Amino acid sequence: MSDQILDATNPRLQAPYDRRGLEALMARFGSPLVVIDCDIVRAQFHALSEALPGVDLHYALKPLPERCVVDTLKALGGFFDLATNGEVDLVRKAGVDPRRCIHTHPIKRDSDIREAIRFGVRTFVADNPDELGKFVRHRARSEVLLRVAFRNPAAAADLSRKFGCEPESVPALLDLARRLGVKVVGLSFHVGSQTPTPDMHVRAIDSCRELIIAARAAGHSLSVLDIGGGFPVTYQEPLPPIHEFCAPIRDALAKLPSGLRLIAEPGRFIAGPAGTSLSTVVGRALRDGRWWFYLDDGLYGSYNGQMFDHAMYAIRPLRDDGSRVPAVLAGPTCDSIDVVREEIELPLLEIGDVLVGRTMGAYTSSSATDFNFIRRAKVIAINEKPESESAE
Ligand SMILES: Cc1ncc(COP(=O)(O)O)c(C=O)c1O
């Protein structure tokens, strides 16, 4: 049996954690845990930077709004994508330069806009006349990207269902902004999270190219294109490496007119592979020929992404003698929906055994609840300093 419990989607990253290392983390920090490996954050950031040269990566905080991730990316010269006052607060406390941040929630209260401006953010997103109107009183200290919708049912979360204007409405919104004195500096889109192919990114970039050319011809000086997030990670079925995934996106970007700053808002791709869930069997029962193993983390906790994010994480037992019994993995709450895996083959686990969930950094701990007063998993960071510094 291999002692290598964890690895990551990136083949360069065979994270050298062994069983003893993970047991030591549990002994020190308790259970359940979500372990964030900052080395993997670094590697994912570098991989996407190399796959999208010339594109500034604004890490979208929502999948994993943790200080260790912000510090790691700040040290690499990364940029940030904020959507709420809590996220503004987090980057402010981390000493991030507000000029490296954009605020991309398409629907905001005036108090949200004020808070971000007070911090020093200048670039916001709007997708409709009312939202543009909110910037009239802030027009001296703000600029806006128009968010365009590109529906994508193939994505795990089709974000254009909820946000974005139709491409055909862009000229009218640009004209309205001009009348209002609100400065629109570019376009943005999000083709949906965990999008399985680059096709929709390419279509959206091509469509924005036409919109930008037409807008410039009408006298609007657009200088930014924000291609959003959506870059996928491997949960179960392997995906092509990100450099290969992004090849058609690079080709589409190369056809854009000159004088554009290109930015992206990756969240999942940076955070997902960096997170590992560790939970403990707290009870077991044999029901109808299947072993039910009850964990101290579940669907209302770190595994909520199986509900909200349509993800299906790879789960392995930390102690594995190779034997198998038909099993069910259940969460700790009293709710019957709280089942992490209905049909799984596992060794006959004992109370105290540990389960390891991989690629669980994105949309897991950030959307966990305290339902039933069950304490959510503690999030801890490892490898906070890059290898070069830790060796010193
Ligand atoms: C505006 C915006 N930007 C970026 C992201 C991050 O997307 P992803 O995690 O797919 O990279 C999201 C996710 O909801 C979003 O709403």
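Atoms within a ligand are numbered from 1 in the order they appear, just like the ligands themselves. Because the structure is a prediction, the values reported are computed rather than measured.
Distances below 4.0 Å separate heavy atoms of Leu159 from the following atoms of ligand 1: 13 (C), 14 (O), 16 (O). Which parts of ligand 1 touch Arg268 is read off a 4.0 Å heavy-atom cut-off, strictly below it: atoms 8 (P), 9 (O), 11 (O). Near Thr104, meaning under 4.0 Å from any of its heavy atoms, are these atoms of ligand 1: 1 (C). In summary, the atoms of ligand 1 found under 4.0 Å from a heavy atom of Ala60, numbered by their order in the structure, are 4 (C), 5 (C), 6 (C). Under a 4.0 Å criterion applied to the non-hydrogen atoms of Pro266, ligand 1 contributes the atoms 11 (O).
Between Ser193 and ligand 1, a contact under 3.5 Å exists for at least one N or O pair. Some N or O of Gly267 is nearer than 3.5 Å to an N or O of ligand 1, by distance alone. Between Gly230 and ligand 1, at least one pair of N/O atoms sits closer than 3.5 Å. Of the N or O atoms in Asp81, one or more lie within a sub-3.5 Å distance of an N or O in ligand 1.
Distances from ligand 1 to the non-hydrogen atoms of Phe163 include no value under 4.0 Å. At least one heavy atom of Arg147 lies less than 4.0 angstrom from ligand 1. Distances from ligand 1 to the non-hydrogen atoms of Gly228 include no value under 4.0 Å.
Residue-level proximity to ligand 1 for His190 is carried by the side chain, the only part with a heavy atom below 4.0 angstrom.
Under a 4.0 Å N-O distance rule, the pair Asp71/Lys74 does not qualify as a salt bridge. A salt bridge does not link Arg20 to Glu23: none of the charged nitrogens lies less than 4.0 Å from a carboxylate oxygen.
In this structure, Arg100 satisfies the cation-pi test against Phe79, with its NZ or CZ atom closer than 6.0 Å to the six-membered ring centre and inside 45 degrees of the ring normal.
Ranking the protein heavy atoms by distance from atom 13 (C) of ligand 1 puts Tyr363 OH, 3.3 Å first. Of all protein heavy atoms, the one lying nearest to atom 15 (C) of ligand 1 is Lys62 NZ, 3.4 Å. In terms of protein heavy-atom proximity, atom 3 (N) of ligand 1 is closest to Glu265 OE1, 2.5 Å.
Minimum interatomic distance between Ser193 and Arg268 (heavy atoms only, all atoms of both residues): OG-NH2, 3.0 Å. In plain terms, the two heavy atoms of Leu299 and Val340 that are nearest each other are N-CG2, 4.2 Å.
Put simply, the side chain of Phe135 reaches to within 4.5 Å of the side chain of Lys108, judged on heavy atoms. Looking at heavy atoms from C-beta onward, Val96 lies in side-chain contact with Cys101 at the 4.5 angstrom threshold.
Aromatic rings from His201 and Phe150 are positioned such that their centres are separated by 6.0 Å or more.
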Please step through ring-ring contact (aromatic ring centres under 6.0 Å, His included) for the pair Phe371 and Tyr300, ending with a clear verdict. CA-CA 7 Å; Phe371 176 55; Tyr300 287 93; 4.4 Å; yes
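Within 6.0 Å of atom CZ in Arg178, more than 12 heavy atoms from other residues, nucleotides or ligands are found, so the atom counts as buried in its surroundings.
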